[in-house]
Number of protein chains: 2
Amino acid sequence: MASLTAGNRRPVRLADIAKAAGVSHGTASNVFSRPEIVREEVRERVKAAAEAMGYGGPDPKGRLLRAGKVNAIGVATAEPLSYFFDDPFARVMMASISQACDATGAGISLVSAANNEQLAWNIQSALVDGFIVFCIEGGSRLVELARERKLPFVALDLDSEDGAVAAIGVDNIAGASLAARHLTDLGHRRFAVLALPFVDDRTGLVSPEQVRAATYGGTRDRLTGYLQELSRVGVDTSKVPVYETANDAATTRTGLETIFAAKEPPTAILAMSDRIALVTLEWLSARKLNVPNDVSVVGFDGVPEAAVSEPPLTTIAQPIAEMGRLAVKAILESDGKVSRQQLPVDLIVRASSAPPRG
Amino acid sequence: MASLTAGNRRPVRLADIAKAAGVSHGTASNVFSRPEIVREEVRERVKAAAEAMGYGGPDPKGRLLRAGKVNAIGVATAEPLSYFFDDPFARVMMASISQACDATGAGISLVSAANNEQLAWNIQSALVDGFIVFCIEGGSRLVELARERKLPFVALDLDSEDGAVAAIGVDNIAGASLAARHLTDLGHRRFAVLALPFVDDRTGLVSPEQVRAATYGGTRDRLTGYLQELSRVGVDTSKVPVYETANDAATTRTGLETIFAAKEPPTAILAMSDRIALVTLEWLSARKLNVPNDVSVVGFDGVPEAAVSEPPLTTIAQPIAEMGRLAVKAILESDGKVSRQQLPVDLIVRASSAPPRG
DNA sequence: AGCAAAATTTGAATCGATCCAACGAAAATG
DNA sequence: CATTTTCGTTGGATCGATTCAAATTTTGCT
């Protein structure tokens, strides 16, 4: 009881217990992986030896090399690891990825890193059968890294033009258009856009040229969808402020300050993510601006929090569960060919949007 | 451009490109792991060969065996994988574990499984340097499984008497006592307890004998803390209903139905988790019972949601971030000795508790 | 040129298992 | 009793890399 065998190291291998039990390593291996084919008497002897020597079962490290398959999929992002548990969209997506993995018995490895170098190393050394890549900031670099591993991988939400990478995303143009249409139908004509990043590490009002040079096609597409619809009803889109946030609370608030500093503040805000929209609701409420009477807000994503916010958020719902399922399927049943799928989105009307005053 | 090499399989190994480049595999290995020690001309030649043959870099599977360390920690639970992203407590804990891992560059593998057999296999074959075990339902079995791997591991929130397992938890008795004390100080004398599971797969009112036979010591300790304080002020604890939930919405609601069916319903509810407490707030509000005027509610855990509920929840905050950090540290710096740490908790008074009516 | 020191490269050994063809012994069959 | 089957066991080959002592080539110096 006082001194257990598990002192500090565990140099006890299968071969050791085979020797101790007086059998070949082949037989010892069988005792663990196919017990039914070894004679009971031998089996018990080997197991006893294993027990006595403090053997923890065949080391997966060894088994892995032979087996080839890890039976785990890697989920990668260029954000810190805690992004998976903090960000509402990521959480819902992860929950649906989890379900798909549970169903097939696959495990999940979280791969990420703050700095570039570490990220590269982590991706290169991840023990996985494939990657699902979250394309937020730094998405392109991440995709490049993942691609270099030559493992199956899909990018989530990537609207790159690069046809050589498999991707699962939504129809951003149609979705954004739907959001804008909802507001124009209500009668709004004064808008502001709170955008996701167009490129890395920049925030602030963006110009059309900057939009054209966007790294993130998804962001650009959403903007295209918004502006398409706005110009359809005659809004001068060159006057619509487009503020690029980092999809976090701080930059969103700065954006709102900027937008509402104008002489003619908008009556409707198009937010490219629910996260941005929810921060906006808070900010407006703190400013004593009533939503939806003073300002209407429409989000994008359809995270659960949007249903219980104050007021509940009108938003464009992505089929997150479906996307997760498809992504896992794409990895596990990878046939080597890249496929790009675009899923439809839904407008969910809640209480954060109404006709403008007057 | 049309036909890339990466057809379907990747039988291209380091040895292949070594041969192609006309160097030994030792040198080829160096090109990737210690490029600075190989002559530039050779380095370029090998890299070119790798590129030409579609080599994705040294396979971690091979490297792993030699290196010994995986550089990842496994987080295990007997719940489905999505538990990590759904449960508020788990999420906060995971966020703090993530941060600790990020800081040290370690990865995270999520290990879980719905059924028993699959769980055992997943734990046995997890490629990790150690486990952090979430002890909710099925905790004891899980701990047993993890222990068999003979890897460093810590149990979170486990109050087993088994001194041979490392555990990080809070002082449940003191915390519960604090919660009850807060309510008795306010003048409450009629209580009900909504408990976490005492054993697996059972819900309903529990008797003292059932409490004594609890599998989950943590649940029992919290109850002990509650009752200690209640009897101190003269409450007949044998009359206090203790309803065992499964820590989910459905069983909590059933518990509430049961509790409020009594002729003298409680004026204060002691909930053993914030999740239970939050569901309780909703249920009471749907029943038109005002919190805190008609009923006071005190939770346990201190998840972020508790701060923004309606009304904000009075609760016992666990130092979740600290626990996560300690758990990761225990795994990564494991010295083979098991340590059991008990952290202090804090009472956070918010708007869900007030003196009883009259 | 000659020789020691420094810089590179080599190839065998190792990490910890699984797989499988071949083999020996026991059981079934003629 | 000889011959086939069946069953269990053996040990070498393999998975894909890294490591390191020894061998080889280069460089530096007189």
Side-chain angles (χ1 to χ4, degrees), chain A residues 9-47 49-50 53-71 121 124-129 149-151, chain B residues 9-47 49-50 53-71 121 124-129 149-151:
Chain A
R9 267 171 322 187
R10 174 172 73 111
V12 39
R13 305 181 313 282
L14 186 52
D16 297 328
I17 73 156
K19 175 128 46 103
V23 298
S24 73
H25 58 267
T27 298
S29 173
N30 287 334
V31 168
F32 291 96
S33 47
R34 291 133 73 201
E36 69 282 3
I37 76 164
V38 17
R39 197 151 42 93
E40 172 158 6
E41 185 258 320
V42 176
R43 198 192 319 149
E44 292 311 323
R45 185 150 42 96
V46 173
K47 280 189 173 167
M53 303 180 70
Y55 181 64
D59 187 332
K61 292 200 284 292
R63 192 207 320 269
L64 176 62
L65 188 51
R66 196 96 237 291
K69 282 198 88 58
V70 183
N71 200 34
W121 172 256
Q124 277 159 16
S125 60
L127 291 156
V128 298
D129 297 320
R149 268 299 291 277
K150 316 253 157 129
L151 286 177
Chain B
R9 267 170 323 187
R10 175 171 72 110
V12 39
R13 305 179 313 281
L14 186 52
D16 298 329
I17 74 158
K19 175 131 44 104
V23 298
S24 73
H25 50 261
T27 297
S29 173
N30 286 335
V31 168
F32 292 96
S33 47
R34 291 133 74 200
E36 69 281 4
I37 75 164
V38 15
R39 196 154 41 94
E40 171 159 6
E41 186 259 318
V42 175
R43 196 191 322 147
E44 293 310 325
R45 184 149 41 95
V46 173
K47 280 190 170 166
M53 303 179 70
Y55 181 64
D59 187 331
K61 291 201 284 293
R63 188 204 328 266
L64 175 62
L65 187 53
R66 193 106 240 289
K69 282 198 87 59
V70 184
N71 200 32
W121 172 256
Q124 277 159 17
S125 60
L127 292 156
V128 298
D129 297 321
R149 270 296 293 276
K150 316 252 157 134
L151 287 176

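Not measured: the values here are computed from a predicted model. Below, chains carry the letters A, B, ... as their sequence lines are ordered, and counting in each starts from 1.
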S.K.: Looking at D:dT9, D:dT19, D:dA17, which one has an atom nearest to any side-chain atom of A:Thr27?
M.R.: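 Nearest to the side-chain atoms of A:Thr27, counting from C-beta on, is D:dT9.
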
S.K.: Side-chain N or O of A:Ser29 less than 4.0 angstrom from OP1 or OP2 on C:dT18?
M.R.: yes

S.K.: Among the candidates C:dC19, C:dC15, D:dT19, find the nucleotide nearest to the side-chain atoms of B:Arg34.
M.R.: D:dT19

S.K.: Does a distance-only test, which skips hydrogens and angles, find a donor-acceptor pair under 3.5 Å between the side chain of B:Arg66 and the base of C:dT14?
M.R.: yes

S.K.: So, OP1 or OP2 of C:dG16: does either fall under 4.0 Å of a side-chain N or O from A:Tyr55?
M.R.: no

S.K.: Give a yes or no answer on whether the side chain of B:Arg149 reaches the backbone of B:Gln124 with a donor-acceptor pair at less than 3.5 Å.
M.R.: yes

S.K.: Could you please name the option among C:dT9, D:dT9, C:dC15 that lies closest to any side-chain atom of A:Val42?
M.R.: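 The nucleotide sitting nearest to the side chain is D:dT9.
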
S.K.: Ignoring backbone atoms, establish whether B:Ser24 has a side-chain N or O less than 4.0 Å from OP1 or OP2 of C:dT10.
M.R.: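 Answer is yes, contact under 4.0 Å.
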
S.K.: Between D:dG16, C:dA17, C:dT10, which nucleotide gets closest to the side-chain atoms of B:Val23?
M.R.: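 So the nucleotide nearest the side chain must be C:dT10.
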
S.K.: For residues A:Ile17 and A:Val46, report the shortest heavy-atom separation together with the two atoms involved.
M.R.: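 For A:Ile17 versus A:Val46, the nearest heavy atoms are CD1-CG1, 3.8 Å.
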
S.K.: Below 4.5 Å, heavy atoms only, C-beta onward: do A:Val23 and A:Arg45 meet side chain to side chain?
M.R.: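 With C-beta onward as the side chain, the pair touches.
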
S.K.: More than 12 non-hydrogen atoms from neighbouring residues, nucleotides or ligands closer than 6.0 Å to CD on B:Glu40, yes or no?
M.R.: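 Atom CD in B:Glu40 is not packed in, count stays at 12 or less.
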
S.K.: Quick one: which of D:dT9, C:dA17, D:dA17 gets closest to the side chain of A:Asp59?
M.R.: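 The answer is C:dA17, which lies nearest to the side chain.
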
S.K.: Toward the 5' end of DNA chain D, which comes first, A:Arg39 or A:His25, by nearest nucleotide?
M.R.: A:Arg39

